[in-house]
J.: 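Dropping a structure here in structure tokens format, bear with me for questions.
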Amino acid sequence: MPNLEHPAYPAATLLRLESLVPCRESQVSMLLSIFGERQQFTFPSIFIYGHTSSGKTYVMQTLLNTLQLPHVFVNCVEYFTSRLLLEEILIQLQNCSFETKHASHVLCDTFNDFVRMFKQAVTSQDLQDQTLYIVLDRAEQLREMEANILPAFLRLQELTDRNVTVVLLSEIVWELFRPSTGCFEPFTLYFPDYSIGHLQKILSHNHPPEYSADFYAAYINILLGVFYMVCRDLKELQHLAALNFSKYCEPVVRGEANERDTRKLWKNIEPHLKKAMQTVYLREISSSQWERLQRDDGEPGQLKGLSAHAHVELPYYSKFLLIAAYLASYNPVRTDKRFFLKHHGKIKKTNFMKKHEKTSNHLLGPKPFPLDRLLAILYSIVDNRVAPTANIFSQITSLVTLQLLSLVGHNDQLDGPRYKCTVSLDFIRAIARPQQESIDTF
């Protein structure tokens, strides 16, 4: 029995719509109830919000296209000024009719002109007897436009005296939209994040025809078990699933295992999923490069472009400054004398020190340090004498600009600025290796 029911639409259409929007049946059912029948007036404005990849844009496009409702769909990031936005709405409105293939360009400078031209377009396209939907995706960009744009869109039905509904899609809540002077309140609808069960169902929906649905569902289960804690973006997970599935199938293709031999399949795919964990969201290499990397069983650093931030080129003293900053962030102050002085004498290890040194400082995260300590460590790790010139201080500022160091506190502190190192141990090893090689050569 279908979950979606509405007397204005055929059951076959609603069944097809339900199959296209899995795990969003409750939100689609609510929208169908709000829309009503084609000729009925509905809410003047609807505000739909939710996190990234929660299905807002896809559900609205699928709903309007499947039910063949007249609509205009505009991305506010692409049309970032009020004039571009209003003109694009009018151009798409002219294309709502099947007879009009190419709409002529329109000029619209103010919202008053838009209301006048909107009325003319609705009348010419014969849309008076049904609701027209204007969907504004990434609607948070409206806050950067003129102050009258958002309140006017919320009351467009009243201003034009036409059967029109404005739908705003956003990733932020309505309270961050509401003007201080007040405005017409839209109907708000929340799209929650997909649960792990929802992601399992959606990702398993389109399995390759040459493999069984259970085999692909088992692969998706393994994929979510690895990536769900660090990535819940549906688009990213779909990309990862398509990218690594061929590697998962290799034992089956070679005849070394069957589709139910989960243990062998997991052992084959586990190291490759760990490699993929290093590049979640980054897109530092293309899909073809990643497939070639898997085929050659290489390390991620072997391909140019992967983890490119580990191969950044810095000036000579900037590298030593960054190494000194890392040492200052992850080593306690009490150990500086032992590590950086050649004749530090005998240091008594108290029970207090032994107790606290059992905990790795890498697990506790970087600690802030003053500028004087950074320079003192720099002088001790660089062989030749380094003068505290403006060049050194400008390189520290450049490291902060590159976000390799972060400035803690304010610049006007009496005790001087404090910094924190933001890079990983692998990054430090990568930039320290050329320095060590040059020292050995010398």
Side-chain angles (χ1 to χ4, degrees), residues 1-4 15-28 51-59 61-62 65-66 191-283 285-298 300 306:
M1 182 178 178
N3 295 323
L4 301 180
L15 193 62
R16 178 170 173 267
L17 175 63
E18 184 177 344
S19 66
L20 294 174
V21 287
C23 308
R24 281 292 179 253
E25 292 84 1
S26 60
Q27 286 76 21
V28 173
H51 289 154
T52 304
S53 293
S54 56
K56 306 179 296 296
T57 303
Y58 172 75
V59 167
Q61 287 179 330
T62 305
N65 290 329
T66 304
F191 274 50
D193 290 341
Y194 288 112
S195 66
I196 189 170
H198 291 161
L199 292 173
Q200 171 82 30
K201 182 178 179 181
I202 295 171
L203 293 172
S204 304
H205 188 64
N206 295 321
H207 66 87
E210 60 269 20
Y211 295 98
S212 65
D214 293 338
F215 176 70
Y216 193 73
Y219 163 68
I220 294 299
N221 189 37
I222 291 174
L223 188 82
L224 291 176
V226 174
F227 290 102
Y228 183 72
M229 295 303 296
V230 298
C231 174
R232 303 185 183 184
D233 189 317
L234 179 59
K235 295 177 182 177
E236 185 70 20
L237 290 171
Q238 286 174 332
H239 172 73
L240 291 169
L243 207 59
N244 295 282
F245 183 63
S246 59
K247 196 68 182 179
Y248 181 75
C249 300
E250 278 187 358
V252 178
V253 175
R254 292 196 299 259
E256 299 173 358
N258 56 42
E259 292 188 359
R260 297 185 178 275
D261 199 345
T262 310
R263 184 178 180 83
K264 285 186 178 180
L265 295 172
W266 162 248
K267 282 188 174 182
N268 181 69
I269 194 67
E270 180 185 13
H272 300 278
L273 294 182
K274 287 182 178 179
K275 292 178 186 176
M277 282 279 284
Q278 302 174 19
T279 57
V280 173
Y281 293 116
L282 295 182
R283 296 289 197 279
I285 60 174
S286 64
S287 300
S288 59
Q289 284 180 304
W290 177 254
E291 290 172 358
R292 188 166 66 253
L293 176 67
Q294 288 186 327
R295 188 167 56 250
D296 299 338
D297 290 329
L306 186 61

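These values consider heavy atoms only, across backbone and side chains, with no hydrogens, waters or symmetry-generated copies.
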J.: Measuring from Ser246:OG to Ile269:CD1, what's the distance to the nearest 0.5 Å?
T.: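 Going from OG on Ser246 over to CD1 on Ile269, the span is 7.5 Å.
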J.: Could you tell me the separation between the CG atom of Leu234 and the CG atom of Leu203, rounded to the nearest 0.5 Å?
T.: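 So the gap between those two atoms works out to 6.0 Å.
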J.: Glu259: what forms a salt bridge (charged side-chain N to carboxylate O under 4.0 Å, His left out) with it, not counting sequence neighbours?
T.: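 Here no residue qualifies.
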J.: Check salt bridge (charged side-chain N to carboxylate O under 4.0 Å, His left out) between Glu256 and all other residues, then give those that pass, not counting sequence neighbours.
T.: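 By the salt bridge (charged side-chain N to carboxylate O under 4.0 Å, His left out) rule, Glu256 matches Arg254.
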J.: Which pair of non-hydrogen atoms, one from Asp193 and one from His51, has the smallest distance, and what is that distance?
T.: OD2-ND1, 3.0 Å
J.: Please find the pair of heavy atoms, one from Pro22 and one from Tyr194, that lie closest to each other, and give the distance.
T.: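 So the two residues come closest at O-CE2, 4.4 Å.
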J.: Who passes salt bridge (charged side-chain N to carboxylate O under 4.0 Å, His left out) against Lys267, sequence neighbours left out?
T.: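 With neighbours one apart ignored, the set is empty.
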J.: So, using side chain to side chain contact (heavy atoms under 4.5 Å, CB included) as the criterion, who are the partners of Ser195 when residues are at least two apart?
T.: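 If we apply the side chain to side chain contact (heavy atoms under 4.5 Å, CB included) test to Ser195, skipping adjacent residues, the hits are His198.
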J.: I'd like to know if the side chain of Asn268 reaches the main chain of Lys247, judged simply by a donor and an acceptor atom lying under 3.5 Å from each other, with no hydrogens or angles considered.
T.: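 Such a contact is found between Asn268 side chain and Lys247 backbone.
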J.: With rounding to the nearest 0.5 angstrom, report the CD1 to CG distance, Ile222 to Leu273.
T.: 8.0 Å
J.: Apply side chain to side chain contact (heavy atoms under 4.5 Å, CB included) to Ala241 and list each qualifying residue two or more places apart in sequence or on a separate chain.
T.: Tyr216, Tyr219, Ile220, Leu223
J.: Just by distance, do the side chain of Arg24 and the backbone of Ser54 share a donor-acceptor pair under 3.5 Å?
T.: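 Between the backbone of Ser54 and the side chain of Arg24 there is a qualifying donor-acceptor contact (under 3.5 Å).
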J.: For residues Ala257 and Lys264, report the shortest heavy-atom separation together with the two atoms involved.
T.: CB-CD, 4.0 Å
J.: Looking at CG of Leu199 and OG of Ser53, how far apart are the two atoms once the value is rounded to the nearest 0.5 Å?
T.: 9.5 Å
J.: What's the shortest heavy-atom distance between Cys23 and Lys201, and which atoms?
T.: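 Minimum heavy-atom contact is SG-CD, 3.8 Å.
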J.: Return the set of residues passing ring pair (Phe, Tyr, Trp, His ring centres under 6.0 Å) with Tyr58 (not counting sequence neighbours), or none when no residue passes.
T.: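 For Tyr58, no residue satisfies ring pair (Phe, Tyr, Trp, His ring centres under 6.0 Å) once neighbours in sequence are set aside.
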J.: Looking at CG of Asp261 and CZ of Phe215, how far apart are the two atoms once the value is rounded to the nearest 0.5 Å?
T.: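 Separation between the atoms: 10.5 Å.
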J.: Please check if the side chain of Thr62 supplies one atom and the backbone of Val59 the other of a donor-acceptor pair under 3.5 Å.
T.: no
J.: To the nearest 0.5 Å, what is the distance between CD (Glu18) and OG1 (Thr66)?
T.: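 Output value for this atom pair is 12.0 Å.
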